[in-house]
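The shown structure was predicted, so the numbers you read here are calculated from the model rather than taken from an experiment. Atom set for the values below is all heavy atoms of this structure, side chains included, hydrogens, waters and symmetry mates excluded. Chain A is the first sequence line, chain B the second, and so forth, proteins listed ahead of strands; every chain is numbered from 1.
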Amino acid sequence: MPQISPFIIFFASIITSNMILSNFLGMCSYLSVSSEYKTATGLGMAVTLVLVLTTVINWAVYEYVIVPLEIEYLQYIIFIMVIAALVQILEMGMDRYMPDLHAKLGIFLPLITVNCAILGVTLFMVIRHYGFFQSLMFSLGSGLGWWLAINMLAAIREKLKNAKLPPGISGAALSFIITGIMAMAFIGFSGIFTIQ
Amino acid sequence: MADKPMAIAKTQLFTENQVLRQILGICSSLAVTNSMNNSLVMGLGLSFVTALSSLTLSAMREIIPHRVRMLVQTLVIAVYVIFVDLFLQAFLPDISKQLGPYVGLIITNCIIMGRAEAYAQKNPPIPAMFDGLFAGLGYTGVLLIVALIREVLGFGTIFGINVNVIGFQTWTIMIMPPAAFFIIGSLIWALSARAQKKAAGGAK
């Protein structure tokens with residue numbers, strides 16, 4: 001695997017390989033928590049935070065525990081447990097030391113354990129054999145890209161609240177079609193960088 | 001609650017389809033549907049995991065403490081996903097490579113957790129297994145419909161066999177991400193418009 005510069009990975013994971021718009025990860029919470037701009041911002045922030053922490057820890061666990069012990073077949077269980085444990089610790093720590101932030105992000109944390117973007121980024125990192133800085137930038141970029149996408153969708157949905165819509169489209173179907181249009185717009189960036 | 005296998009099959013395959021009516025398990029149904037082979041393998045893998053994890057969790061439902069049930073559910077699901085992953089790596093290495101991380105992501109697929117929470121927890125093992133199996137097959141069905149549209153229009157093939165006899169220009173957009181959003185969005189739209197019409201008709 002050739003070494004791609006971490007900065008290229010960073011920008012590519014925001015724009016050309018956006019977690020939602022080209023890899024379809026984390027759709028469940030993306031669809032259900034995007035009706036208000038403010039809550040979407042909170043969730044985006046929480047996802048970015050957890051994503052960076054779990055990816056860095058999972059990178060270390062993979063490199064120093066899983067590979068030396070040759071237990072690659074157990075990697076899913078180990079990654080999931082790291083994510084669940086980290087989210088739990090983060091929630092308790094935040095509650096104790098940063099109550100303001102906890103009031104803002106706390107409700108989103110349990111949702112994040114089952115957000116497939118978190119596990120997805122870890123698995124992409126393993127499959128593409130990223131080094132430490134590459135993993136760090138990849139997770140940061142993916143988190144910011146996810147945040148960007150959910151904020152865009154929430155902003156559009158808020159504007160559409162007053163619009164008159166055909167029967168049956170409001171809710172999930174509309175979000176899908178908006179996301180499709182956003183994904184088409186983002187295809188315009190492809191070719192600037194590729195990391196696949 | 002319906003406990004006959006046939007009744008469960010009908011609800012899970014049509015009226016309460018997990019993907020189109022409950023909007024669950026969306027990630028993978030968007031990602032793998034640019035080819036019918038991948039969709040079929042993914043669907044069967046998911047059905048296997050859902051059926052067996054519902055069976056196991058339902059059999060264990062009396063002994064799992066309530067507070068740690070999420071953790072237990074995730075671990076049981078992860079075990080079955082490892083089976084599927086190892087099986088694909090051994091017997092279908094090409095498809096395993098194309099599906100990439102999406103096999104591992106079956107763990108976080110909301111359908112499995114949803115069935116475990118909503119059905120397996122309160123029902124005996126055998127109906128729970130059927131419920132999981134048909135929920136998985138309903139997902140497979142949707143995947144195959146979406147994949148059929150995308151593969152025929154995008155590559156001119158069905159299961160990799162060329163059907164483009166009239167030689168029309170294939171649409172590259174169909175195999176790119178936006179088409180997945182549009183097709184699933186339209187299917188959901190059509191179904192919910194129909195459900196609304198039915199509800200309005202029934203009220204009269």
### Task
To the nearest 0.5 Å, tell me how far B:T108 OG1 sits from A:L25 CG.
8.0 Å
### Task
For A:G180 and B:P178, work out which heavy atoms get closest and say how close.
O-CB, 3.6 Å
### Task
Answer whether the closest heavy-atom distance between the side chains of B:P177 and A:L21 falls below 4.5 Å.
no
### Query
Hey, is CH2 on B:W189 packed in by over 12 heavy atoms from elsewhere, all under 6.0 Å?
no
### Summary
The reported gap from CD1 in B:I82 to CD in A:Q75 (rounded to nearest 0.5 angstrom) is 8.5 Å
### Task
Working to the nearest 0.5 Å, report the span between CD1 of A:I118 and CG of B:L105.
11.5 Å
#### Entry: Part of B:L187 lying under 4.5 Å from any heavy atom of chain A
neither
## Note on the structure
Turns out that what part of B:N109 lies under 4.5 Å from chain A's heavy atoms comes down to neither
### Task
Supply the atom-to-atom distance A:E72 CD to B:L86 CG, rounded to the nearest 0.5 angstrom.
11.5 Å
### A:M182, part contacting chain B, at a heavy-atom distance under 4.5 Å
neither
### Query
Counting only heavy atoms not in B:F130, do more than 12 fall under 6.0 Å of its CZ?
no
### Message
Students often mix this up, so state it plainly: with edges at 30° and 60°, are the rings of B:F181 and A:F176 parallel, tilted or perpendicular?
### Response
tilted
### Task
Rounded to the nearest 0.5 Å, what's the gap from CG on A:L174 to CD1 on B:I188? Could you check?
11.0 Å
### Message
Quick check for you: among B:S186, B:G104, B:A78, B:A195, which has the greatest number of heavy-atom pairs under 4.5 Å with chain A?
### Response
B:G104
### Query
Within a reach of under 6.0 Å around NZ of A:K159, are more than 12 heavy atoms found that belong to other residues, nucleotides or ligands?
no
### Query
Is chain B contacted by the side chain of A:L31, its backbone, both, or neither, given a heavy-atom distance below 4.5 Å?
side chain
### Task
Select one option (side chain, backbone, both, neither) describing which atoms of B:A180 are under 4.5 Å from chain A's heavy atoms.
side chain
### Message
How about CZ on A:F133, more than 12 heavy atoms from neighbouring residues, nucleotides or ligands closer than 6.0 Å, or not?
### Response
no
### Message
Among B:V81, B:I77, B:I107, B:L75, which residue satisfies the side chain to side chain contact (heavy atoms under 4.5 Å, CB included) criterion with A:I77?
### Response
B:L75
### Task
Using the side chain to side chain contact (heavy atoms under 4.5 Å, CB included) rule, take A:N23 and B:Y102 through it: C-alpha gap first, then chi angles, then the decisive distance, then the call.
CA-CA 10 Å; A:N23 289 320; B:Y102 294 100; 3.8 Å; yes
### B:I173 side chain reached by A:M184 side chain, heavy atoms, under 4.5 Å
yes
### Message
Tell me the closest heavy-atom pair linking B:G185 and A:A173, and the distance in Å.
### Response
O-CB, 3.5 Å
### Query
Contact part of A:I80 toward chain B, heavy-atom cut-off under 4.5 Å: side chain, backbone, both or neither?
side chain
### Query
Between atom OG1 of A:T179 and atom CZ of B:F182, what is the distance when rounded to the nearest 0.5 Å?
9.5 Å
#### Entry: Region of A:I181 in contact with chain B, defined by heavy-atom distances below 4.5 Å
both
